Protein chains: 2
Amino acid sequence: MAAPALSEAETGTLHEQIVSKLRAVLLNGELADGTRIPEAQLCLRFGISRTPLREALKVLAAEGFIELRPNRGSIVAPIDPVEVGHLFEMKGALEQMIGRLAAVRATPEDAERIERAHAALGRPADPAAYTALNQDFHRALAVATHNPVLLQSYDNLQKRVLRLRFVVNENPQRVLESFGEHEGIMVAFRARARLDLAERLEEHNRLTGEAVMRTLKGESA
Amino acid sequence: MAAPALSEAETGTLHEQIVSKLRAVLLNGELADGTRIPEAQLCLRFGISRTPLREALKVLAAEGFIELRPNRGSIVAPIDPVEVGHLFEMKGALEQMIGRLAAVRATPEDAERIERAHAALGRPADPAAYTALNQDFHRALAVATHNPVLLQSYDNLQKRVLRLRFVVNENPQRVLESFGEHEGIMVAFRARARLDLAERLEEHNRLTGEAVMRTLKGESA
DNA sequence: CGGGTCATTTTTGAATGCAAAATGTCGTCC
DNA sequence: GGACGACATTTTGCATTCAAAAATGACCCG
């Protein structure tokens, strides 16, 4: 019998579990951006002492999810429209790389995972499920590059961008456009057309970024 | 009177100082890759207790410089030829992005910094100095993108690659080639030719990577 | 009634202490 | 001579403790 596939949050050392759990809390939008994070409260919540919690905070700060202010506590990293632009720009460079590499390196298993993720995306459930499936789809392409360094950076960016969905709601118009773009991406992928795949992924990312930026600016105005 | 510009290692909280200092130690090649890092020894060396040291270790692990093995201590991240290939590949994507953006966004001040860094590189001193100046030059181009997200990722990759110089010595032949490539890069930069600059940076990175990989394979064989 | 100062409380940063896991040592047996 | 196993030692992971810095609030003065 195979091992029961423990989720990342229930294995490893205590502080590693806390990193996963706390990151999940932040990505679930439970703590609004900019709010203070009292250590004692989190210790109570997770049932641990401050030592592993503080280790986790340092790691999450390095990942860009929280901000440490010496002697003044940690805060959930504020969402800055300028930084969001930079995040999408950086993600665009990775998407291009993903396109060029995945088209060439995808194994049959990779291709099947990508097809499945794309198919799952075809039947739109609630918005929250759509977001998760969309992430899975794009991540499956990143996995197909077989470059762990790239994948780790991509995961980080994807998660940091993911936090935005609580300040800018998914725009239904944009979701519809995405379907078409995803189809185009799959066409290029099935043809293993590396430059086309790169271009379509980059453009898809750029359009999403622009939509997010418009909403961000609209709401702040 | 301006503040005396403290180096990163002497400011901020204790654990932040340790992160910088310890990273510097690793980049100086004082600890060979794969060697164990006894916590007590480092505490003694830095004159601190284990708490901030362990926080620093977690951060450096997240950055990819060390590896944490639960209950079995930390080791200096082993240099794996396959991973080195992945690092250069990822760096290549960023170099392209740097080329496309820096050509367009560089301010006159950026341009001057880049020119100065390039000029400093022209008079080759000892190999160690050359490596540092070379890093400065490429970093100056990254700064000119005015994208901090990119810059942070680039810094990380640059430093991780930097560790290699202790396992593969700078190859004089390759250094000579670099001079020519740097000239080409500057020509493209001065003309603000974004696609050319991107291509030359990418190619320069690829050639360096290939040279390193050849040496790595040669030495392991 | 508002602003400012000082004492009190809370919270953070780092050191210490303690239990569990891993490592090393020695003796035994084959 | 080498493999195995019990014991002692070391090292790690986490909880607890202590000191210093920031936040809070009471009090006074204008």
Side-chain angles (χ1 to χ4, degrees), chain A residues 3 6-23 25-26 30-78, chain B residues 3 6-26 30-63 65-78:
Chain A
L6 296 168
S7 90
E8 187 189 356
E10 34 194 314
T11 182
T13 65
L14 198 41
H15 93 264
E16 281 175 29
Q17 299 174 37
I18 301 299
V19 169
S20 304
K21 286 187 189 172
L22 193 47
R23 188 167 39 210
V25 167
L26 295 175
E30 277 184 57
L31 287 70
D33 75 292
T35 54
R36 248 180 104 224
I37 307 175
E39 296 180 2
Q41 183 182 310
L42 287 178
C43 289
L44 225 59
R45 167 166 185 169
F46 292 122
I48 56 164
S49 80
R50 282 177 56 220
T51 307
L53 177 80
R54 287 171 57 79
E55 291 173 353
L57 290 177
K58 303 291 181 292
V59 171
L60 290 171
E63 291 181 356
F65 294 107
I66 68 180
E67 236 173 67
L68 303 176
R69 302 168 310 168
N71 288 319
R72 315 203 34 238
S74 322
I75 61 173
V76 180
Chain B
L6 296 166
S7 90
E8 189 189 356
E10 33 193 316
T11 181
T13 64
L14 199 41
H15 93 265
E16 283 174 31
Q17 298 174 37
I18 302 299
V19 169
S20 305
K21 287 187 189 173
L22 193 47
R23 187 168 37 211
V25 168
L26 295 175
E30 276 184 60
L31 287 69
D33 76 292
T35 54
R36 248 179 108 231
I37 308 176
E39 297 181 1
Q41 184 181 311
L42 288 178
C43 288
L44 224 58
R45 168 167 186 167
F46 292 123
I48 56 165
S49 77
R50 283 176 55 220
T51 308
L53 177 80
R54 286 171 58 79
E55 291 172 353
L57 290 177
K58 304 290 182 292
V59 171
L60 290 172
E63 292 180 355
F65 293 106
I66 67 179
E67 234 173 69
L68 304 175
R69 302 168 311 168
N71 288 318
R72 314 200 36 234
S74 322
I75 60 173
V76 180

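Residue numbers start from 1 in every chain, and the chains themselves are labelled A, B, ... in the order their sequence lines are given, proteins ahead of strands. In this text the structure is predicted, and so the values were computed from the model without any measurement.
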Novice: Using a heavy-atom cut-off of 4.0 Å to chain B, what are the terminal contacting nucleotides of DNA chain D, in 5' to 3' order?
Specialist: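 Answer, 5' to 3': D/dT11 to D/dG13.
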Novice: What are the bounds, 5' to 3', of the part of DNA chain C that sits under 4.0 Å from heavy atoms of chain B?
Specialist: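 Counting from the 5' end, contacts occupy C/dA14 to C/dT23.
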Novice: Under 4.0 Å, heavy atom to any atom of DNA chain C: which of residues 39-67 of chain A qualify?
Specialist: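 Listed by number, they are A/Glu39, A/Arg50, A/Arg54.
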Novice: Which comes earlier along DNA chain D counting from the 5' end, the contact point of A/Arg69 or that of A/Leu14, where each point is its nearest nucleotide?
Specialist: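 Final value for this comparison: A/Leu14.
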Novice: Under 4.5 Å between any side-chain heavy atoms of B/Phe46 and B/Leu14, yes or no?
Specialist: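 No - every pair of side-chain heavy atoms lies 4.5 Å or more apart.
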Novice: What side-chain donor-acceptor pairs closer than 3.5 Å can you find for residues 32-43 of chain A, not counting sequence neighbours?
Specialist:
| residue | atom | partner | partner atom | Å |
| --- | --- | --- | --- | --- |
| A/Asp33 | OD2 | A/Ile79 | N | 2.9 |
| A/Thr35 | OG1 | A/Ala32 | O | 2.6 |
| A/Arg36 | NE | A/Arg72 | O | 3.4 |
| A/Glu39 | OE1 | A/Arg50 | NE | 2.9 |
| A/Glu39 | OE1 | A/Arg50 | NH2 | 3.2 |
| A/Glu39 | OE2 | A/Arg54 | NH1 | 2.7 |

Novice: Atom CD1 in A/Ile48, atom NE2 in A/His15: separation rounded to 0.5 Å?
Specialist: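 It is 11.0 Å, given to the nearest 0.5 Å.
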Novice: To the nearest 0.5 Å, what is the distance between OG (A/Ser74) and CZ (A/Arg69)?
Specialist: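 Taking OG in A/Ser74 and CZ in A/Arg69, the distance rounds to 8.0 Å.
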Novice: Let me confirm one number: the OG-CD distance from A/Ser20 to A/Gln17, rounded to the nearest 0.5 Å.
Specialist: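 So the gap between those two atoms works out to 8.0 Å.
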Novice: Would you give me the side-chain donor-acceptor pairs under 3.5 Å for residues 55-66 of chain A, sequence neighbours excluded?
Specialist:
| residue | atom | partner | partner atom | Å |
| --- | --- | --- | --- | --- |
| A/Glu63 | OE1 | A/Arg23 | NH1 | 2.5 |
| A/Glu63 | OE2 | A/Arg23 | NH1 | 2.9 |

Novice: Using 0.5 Å steps for rounding, measure from the CD atom of B/Glu30 to the CG atom of B/Leu22.
Specialist: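 One finds 10.0 Å between CD of B/Glu30 and CG of B/Leu22.
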